[in-house]
Protein chains: 2
Amino acid sequence: METWDALGSRRNVRSYSERPIAPEDLDRILEAARITPSSANEQRWDFIVCTDRRQLEDLSKVWDGAGHIATSAATIGLVAPKTDEGYARDSVHYDLGQATMSIMLAAADMGVGSAHAWVSDQDRARRLLGFPQDRFLAWLIALGHPADRPLTPIKHPKRRSFDDVVHRGRW
Amino acid sequence: METWDALGSRRNVRSYSERPIAPEDLDRILEAARITPSSANEQRWDFIVCTDRRQLEDLSKVWDGAGHIATSAATIGLVAPKTDEGYARDSVHYDLGQATMSIMLAAADMGVGSAHAWVSDQDRARRLLGFPQDRFLAWLIALGHPADRPLTPIKHPKRRSFDDVVHRGRW
């Protein structure tokens, strides 16, 4: 798919068909995450990929808004080192955002939908995924073929207008 | 360009040719930023795009590592609301990371290189860009055609190995 079509057709999908994601496609999505840029190339991230239905159902309980994880074809957990406030913490989240977009666009390129989830219950997340005490599960990215309509370029995305959000030269 | 080629050929470029970026190409890059997903679709961002050489030179002084801004064809400043610590702050940076990757991939799709810069001198940034007191300039993304070799898929990106960074099912 053309890059612009992937950018333009990516949308948050929280209702998934039962069609699995082929293992080689899932690995390609993970490869997109792996090669994402990060602050000073520190790569302060690990990606835990879950495809087991029972585990996905359990994982969907780490946050009130994570119900869609349960029915996803696969979910990628973004694990990062715990950091103090300030630049380290800001840049960890910034870098995880970059990895997220790589994941979502690589997925959209194959017609695979995606949706974020936050994590409020770190103890449950650690029990389910086994990551060390000095890390936390920052975000989850659910993946799956859309249950309703395929991904196609969105004509009128619900966003602030171009002229509102873009400033030329000065605010 | 195919999405995968854009993902695989994007690299940090800090040395730019004198070739400008066509206004319609720059607007397309900004459109990619505009349609990026964000937490609860809050779109807590504004994009200030700079192409004036004098302004770019001044802007390159907002951080010790921002020298490449001076010679970029264009630079996009990511402005966000000041937030308290915690989820609001984490998610602002996460969302800006998502917008950054949209910008960089839309640019790579046109053969345009890019590189991040942080901002340490907020007073100077505010003087140059005129954003309100309740906002800050979080990051800068410099853009330009590479001075050396064109963007082509990178065979061996300098990253942790796939098996190191990807965990299947559990850490």
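Computed from a prediction, not measured in an experiment: that's the story for all the values here. Heavy-atom basis, side chains included; hydrogens, waters and symmetry copies ignored.
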Hey, what do you get for NE2 (B:H145) to OG (B:S72), rounding to the nearest 0.5 Å?
12.0 Å

Tell me whether B:E2 contacts the main-chain N or O of A:M1 through its side chain, where contact means a donor paired with an acceptor under 3.5 Å.
yes

Given a strict heavy-atom distance threshold of 4.5 Å, which part of A:T36 is in contact with chain B: side chain, backbone, both, or neither?
both

Interface check, chain A: of B:D27, B:V79, B:L96, most non-hydrogen pairs under 4.5 Å belong to B:D27

Side chain / backbone / both / neither for A:V92 at chain B, heavy atoms under 4.5 Å
neither

Looking only at heavy atoms and a cut-off of under 4.5 Å, which of A:I154, A:I76, A:T51, A:D109 has the most pairs with chain B?
A:D109

Heavy atoms, side chains only, cut-off 4.5 Å: are A:R44 and A:S38 in contact?
no

Given heavy-atom pairs under 4.5 angstrom as the criterion, report whether the side chain, backbone, both or neither of B:D5 touches chain A.
neither

At a 4.5 Å cut-off on heavy atoms, which part of A:R28 comes close to chain B: side chain, backbone, both, or neither?
both

When only pairs under 4.5 Å are counted, which of A:N41, A:V166, A:L129, A:D90 shares the most heavy-atom pairs with chain B?
A:D90

Between A:L105, A:I35, A:L30, the one whose heavy-atom pairs under 4.5 Å with chain B are most numerous
A:I35

What part of A:Q55 is in contact with chain B, defined as an atom under 4.5 angstrom from a non-hydrogen atom: side chain, backbone, both or neither?
side chain

Taking A:K82 for its side chain and A:Q133 for its backbone only, find out whether a donor-acceptor pair lies under 3.5 Å.
yes

Pick from B:W4, B:Y94, B:W45 with the largest number of heavy-atom pairs that fall under 4.5 Å of chain A:
B:Y94

Heavy-atom pairs under 4.5 Å with chain B - which of A:A6, A:G169, A:A106 has more of them than the others?
A:G169

Take atom CD in A:E24; do more than 12 heavy atoms of anything else shown fall under 6.0 Å from it?
yes

Under a 4.5 Å heavy-atom cut-off, does chain B meet the side chain of A:D95, its backbone, both or neither?
neither

Looking at B:K158, B:H167, B:M101, which has the largest count of heavy-atom pairs under 4.5 Å with chain A?
B:H167

Would you say B:R34's side chain and A:R160's backbone share a donor-acceptor pair under 3.5 angstrom?
yes

Heavy-atom closest pair (B:A115 atom, B:Y16 atom, distance to 0.1 Å) is CB-OH, 3.9 Å

Which residue out of B:A108, B:A33, B:C50, B:P132 racks up the most heavy-atom pairs below 4.5 Å with chain A?
B:P132

Passes side-chain contact (heavy atoms from CB on, under 4.5 Å), A:W63 versus A:D121? Steps please.
CA-CA 6 Å; A:W63 180 48; A:D121 189 343; over 6 Å; no

Just wondering, do A:P146 and A:R11 contact through their side chains at under 4.5 Å, heavy atoms?
yes

Contact winner vs chain B - A:N12, A:T75, A:L128, A:D164, heavy-atom pairs under 4.5 Å
A:L128

Looking at B:W118, B:Y87, B:W139, which one has more heavy-atom pairs under 4.5 Å with chain A than the rest?
B:W139

Using heavy-atom distances under 4.5 Å, tell me whether A:S161 contacts chain B through its side chain, its backbone, both, or neither.
backbone

Out of B:M104, B:R135, B:Q43, return the one with the most heavy atom pairs under 4.5 angstrom to chain A.
B:Q43

Between A:D52 and chain B, with a heavy-atom cut-off of 4.5 Å, which part of the residue counts as in contact: side chain, backbone, both or neither?
neither

Out of B:L140, B:L137, B:I103, which residue meets the side chain to side chain contact (heavy atoms under 4.5 Å, CB included) rule with B:L78?
B:I103

Quick check: closest heavy atoms across A:I21 and A:A74, and the distance to 0.1 Å?
CD1-CB, 4.3 Å

Do the side chain of A:H68 and the main chain of A:H116 share a donor and acceptor less than 3.5 angstrom apart?
yes

